[in-house]
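Only one structure is covered here, and it is reproduced in the block below.
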Amino acid sequence: FDFCCWDGDVEFTTEAGDGASASSFSSEKKYVTLEEGHLWTMRYTFFEPDIGFIFNGVEYGGNNAEGDSGSITIDLR
């Protein structure tokens with residue numbers, strides 16, 4: 001079995017509407033670096049039960065049902 005990618009969608013958007021997104025991203029991608037000086041919104045949908053992330057010590061996902069989604073605000077101003 002050759003594991004290649006996580007099945008999910010993640011979008012990062014600034015208060016000005018700039019941003020980036022990733023879908024079905026590589027299993028090698030484990031970290032995201034966001035530019036400081038912005039208020040970011042992260043929207044996510046995960047289609048596998050073992051995908052998640054940690055922000056400021058709080059775990060999101062990781063034990064989600066297929067298609068779980070949500071959003072968080074990341075203040076780097």
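Below, each value reflects all heavy atoms present in this structure, side chains not excepted, and no hydrogens, waters or symmetry copies.
Listed for the Glu48 side chain is a donor-acceptor partner under 3.5 Å among the backbone atoms of Asp7. Within the 3.5 Å criterion, the main-chain N or O of Gly17 finds no donor-acceptor partner in the side chain of Thr13.
Put simply, Val58 and Ile72 are part of the same group of oily side chains (I, L, V, M, F, W, Y) that touch within less than 4.5 Å, one to the next. Hydrophobic clustering (ILVMFWY, side-chain heavy atoms < 4.5 Å, transitive): Val10 and Phe47 are in distinct clusters.
Between Ile74 and Met42, the closest side-chain pair of non-hydrogen atoms falls below 4.5 Å. In this structure, Thr14 and Leu39 have side chains that are not in contact, with every pair of non-hydrogen atoms separated by 4.5 Å or more.
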Practice task
Test side-chain contact (heavy atoms from CB on, under 4.5 Å) on Leu34 and Phe12 and set out the steps.
Solution key: CA-CA 9 Å; Leu34 299 174; Phe12 297 92; 3.7 Å; yes
Practice task
List the steps, then state whether side-chain contact (heavy atoms from CB on, under 4.5 Å) holds for Glu15 with Trp40.
Solution key: CA-CA 7 Å; Glu15 66 277 15; Trp40 292 92; over 6 Å; no
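For Phe53 and Phe55, the gap between ring centers reaches or exceeds 6.0 Å.
In this structure, OG on Ser69 lies 9.5 Å from CZ on Phe46, to the nearest 0.5 angstrom.
Checking Asp9 against Ser23 by side-chain atom types alone, a donor-acceptor pair falls below 3.5 Å.
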